[in-house]
Peer 1: 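The structure follows.
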Amino acid sequence: MDREPGFSEIAYKGIWENNPAIVQLLGMCPLLAVSTSVVNGASLGIATVVVMTIASGAVSALRGLIPKNMRLPLFMLIVASLVTAVDLTWNAYFHHIYGIIGIYVPLIVTNCIVLARIESFAYKHSFFRGAFDGFMMGIGGAIGLTILGGLREIIGSGTVGQGIEWIIPGWSPIYVLPVGYRGLILAKTPAGAFIGLSFMIAFYQWLRGVRDE
């Protein structure tokens, strides 16, 4: 059995050192496709956090009962069951948002972030650490989705929070740039997503270099 890391170490690696969105570059399809706004990115990020936390905790709790030669099919079964529950919940309670991100929620089943952490960490560690690792890795990915969505929304529309009224009735987007700002269409396209992610990675590497000096 591997050494049991501390909770602070798990949090540091999930959010900063091994951030799945901007360091490991896992789950690129939803990261680039859904991150057109803060709300869209955060919504898929929350769904991923829920699935990763429960799936990692379940695998850690059952690791003594899961045969090594059957672990991958059982991992997929656990994750698929959770994703189905999250998918139906999002469709029932957040139908408007689901209409935008719904196609990507089922893809969480095959997301490398989920399966990689279950295989490399949850299957080898205790329940609380396994669940916490899944939670922090999910938070790291959600932060990447939300920040990229915010950048693209501000540059593309001049606002933050488009679609928030579908989740919290009565709320409305905040205009960060002047109301007359027409927006840069490039930010809303797939090319804009790649450019935005490139700047995020470059900024992260710069911060990491400054930190290591």
Side-chain angles (χ1 to χ4, degrees), residues 14-15 18-53 55 76 79-80 82-118 134-167 173-174 176 182-205:
I15 294 178
N18 293 325
N19 185 288
I22 59 177
V23 178
Q24 301 183 63
L25 298 180
L26 299 175
M28 292 287 288
C29 177
L31 176 65
L32 297 175
V34 174
S35 59
T36 53
S37 70
V38 168
V39 172
N40 293 349
S43 297
L44 185 61
I46 292 171
T48 305
V49 169
V50 172
V51 171
M52 287 195 68
T53 303
M76 291 290 290
V79 175
L82 291 170
V83 168
T84 300
V86 171
D87 184 65
L88 293 173
T89 302
W90 248 243
N91 191 14
Y93 293 99
F94 309 107
H95 186 69
H96 290 289
I97 293 294
Y98 181 81
I100 299 173
I101 70 170
I103 189 175
Y104 297 101
V105 174
L107 291 180
I108 296 175
V109 176
T110 58
N111 197 318
C112 295
I113 301 174
V114 183
L115 293 176
R117 294 313 298 176
I118 289 176
F135 175 76
M136 295 312 302
M137 280 291 170
I139 289 293
I143 290 173
L145 277 163
T146 305
I147 292 176
L148 183 56
L151 290 174
R152 294 177 67 189
E153 183 180 352
I154 291 172
I155 298 173
S157 305
T159 63
V160 171
Q162 287 185 354
I164 189 66
E165 66 276 7
W166 296 334
I167 299 177
I174 299 173
V176 178
R182 296 184 178 182
L184 181 63
I185 299 300
L186 176 64
K188 300 180 181 180
T189 65
F194 276 104
I195 294 171
L197 180 61
S198 299
F199 277 107
M200 285 176 58
I201 295 172
F203 183 66
Y204 168 83
Q205 293 297 337

Peer 1: Side chains of E153 and T159: any donor to acceptor distance under 3.5 Å?
Peer 2: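 Yes, side-chain donor-acceptor contact under 3.5 Å.
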Peer 1: What are the two closest heavy atoms between L148 and L31, and how far apart are they?
Peer 2: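 Shortest heavy-atom separation between L148 and L31 comes out as CD2-O, 3.7 Å.
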Peer 1: What pair of heavy atoms forms the shortest contact from A142 to V49, and how long is it?
Peer 2: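 For A142 versus V49, the nearest heavy atoms are CB-CG2, 4.2 Å.
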Peer 1: How far does CG of L184 sit from CD1 of I154, to the nearest 0.5 angstrom?
Peer 2: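 One gets 13.0 Å once the value is rounded to the nearest 0.5 Å.
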Peer 1: I'd like to check the ring-ring contact (aromatic ring centres under 6.0 Å, His included) partners of Y104; sequence neighbours left out, ordered by chain and number.
Peer 2: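 With neighbours one apart ignored, the set is empty.
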Peer 1: Is it true that atom CZ of F135 has more than 12 heavy atoms of other residues, nucleotides or ligands lying nearer than 6.0 Å?
Peer 2: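 Open: at most 12 neighbouring heavy atoms sit under 6.0 Å from CZ of F135.
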Peer 1: OG/S35 to CG/N40 distance, rounded to the nearest 0.5 angstrom?
Peer 2: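 S35 atom OG to N40 atom CG measures 9.0 Å (nearest 0.5 Å).
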Peer 1: Using ring-ring contact (aromatic ring centres under 6.0 Å, His included) as the criterion, list what pairs up with H95, not counting sequence neighbours.
Peer 2: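 Result, ring-ring contact (aromatic ring centres under 6.0 Å, His included) vs H95: none returned.
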Peer 1: Check side-chain contact (heavy atoms from CB on, under 4.5 Å) between I167 and all other residues, then give those that pass, not counting sequence neighbours.
Peer 2: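 So I167 forms a side-chain contact (heavy atoms from CB on, under 4.5 Å) with V39, S43, F94, I97.
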Peer 1: Tell me every residue that passes side-chain contact (heavy atoms from CB on, under 4.5 Å) with F199, counting only those two or more places apart in sequence or in another chain.
Peer 2: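 Once residues adjacent in sequence are excluded, the partners of F199 under the side-chain contact (heavy atoms from CB on, under 4.5 Å) criterion are I195.
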Peer 1: Heavy atoms only: give me the nearest I118-A55 pair and the separation to one decimal.
Peer 2: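 The pair with the smallest heavy-atom distance is CD1-CB, 3.9 Å.
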Peer 1: Would you name the heavy atoms of G141 and P20 that are closest together and state the gap between them?
Peer 2: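 Scanning both residues, the minimum pair turns out to be N-CG, 3.6 Å.
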Peer 1: Determine whether Y98 and T89 satisfy the following criterion, side chain to side chain contact (heavy atoms under 4.5 Å, CB included), listing intermediate values before the conclusion.
Peer 2: CA-CA 10 Å; Y98 181 81; T89 302; over 6 Å; no
Peer 1: Please find the pair of heavy atoms, one from G140 and one from A21, that lie closest to each other, and give the distance.
Peer 2: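 That would be O-CB, 4.5 Å.
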Peer 1: With S157, which residues qualify under side chain to side chain donor-acceptor pair (under 3.5 Å), at least two apart?
Peer 2: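 Listed in chain order: Q162, K188.
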Peer 1: Please assess I46 against W90 for the test side chain to side chain contact (heavy atoms under 4.5 Å, CB included), listing each intermediate value before the final yes or no.
Peer 2: CA-CA 11 Å; I46 292 171; W90 248 243; 3.8 Å; yes
Peer 1: Can you name the residues that form a side-chain contact (heavy atoms from CB on, under 4.5 Å) with I22, not counting sequence neighbours?
Peer 2: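 Checked I22 against side-chain contact (heavy atoms from CB on, under 4.5 Å); matches are N19, L197, M200, I201, Y204.
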Peer 1: Tell me whether L25 at atom CG has more than 12 heavy atoms from other residues, nucleotides or ligands lying less than 6.0 Å away.
Peer 2: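 For L25, atom CG is crowded (more than 12 foreign heavy atoms under 6.0 Å).
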Peer 1: Test of understanding: with side-chain contact (heavy atoms from CB on, under 4.5 Å), list the residues that count as partners of A42, not counting sequence neighbours.
Peer 2: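 Per chain and number, A42 pairs via side-chain contact (heavy atoms from CB on, under 4.5 Å) with T146.
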Peer 1: Any heavy-atom pair between the side chains of L88 and Y93 that's under 4.5 Å?
Peer 2: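 No, their side chains stay 4.5 Å or more apart.
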Peer 1: Output the distance between atom CE (M136) and atom CZ (R117), rounded to the nearest 0.5 Å.
Peer 2: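 Reported to 0.5 Å precision, the distance equals 11.5 Å.
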Peer 1: As a quick check of understanding, evaluate side chain to side chain contact (heavy atoms under 4.5 Å, CB included) for M52 and V79, giving each step before the final call.
Peer 2: CA-CA 8 Å; M52 287 195 68; V79 175; over 6 Å; no
Peer 1: How long is the span from the CG atom in L44 to the CG atom in L107, to the nearest 0.5 Å?
Peer 2: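 It is 9.0 Å, given to the nearest 0.5 Å.
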Peer 1: For T48, check side chain to side chain donor-acceptor pair (under 3.5 Å) against everything at least two apart and list the hits.
Peer 2: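 For T48, no residue satisfies side chain to side chain donor-acceptor pair (under 3.5 Å) once neighbours in sequence are set aside.
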Peer 1: When rounded to the nearest 0.5 angstrom, what distance separates CD1 in I155 from CD1 in I185?
Peer 2: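 Those atoms lie 12.5 Å apart.
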Peer 1: List in chain and number order the residues that pass salt bridge (Lys or Arg N to Asp or Glu O under 4.0 Å) with R152, two or more places apart in sequence or in another chain; answer none if no residue qualifies.
Peer 2: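 In terms of salt bridge (Lys or Arg N to Asp or Glu O under 4.0 Å), with neighbours along the sequence ignored, R152 is linked to no residue.
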Peer 1: Which heavy atom of V86 sits nearest to which heavy atom of A47, and what is that distance?
Peer 2: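 Residues V86 and A47, closest heavy atoms: CG1-CB, 3.8 Å.
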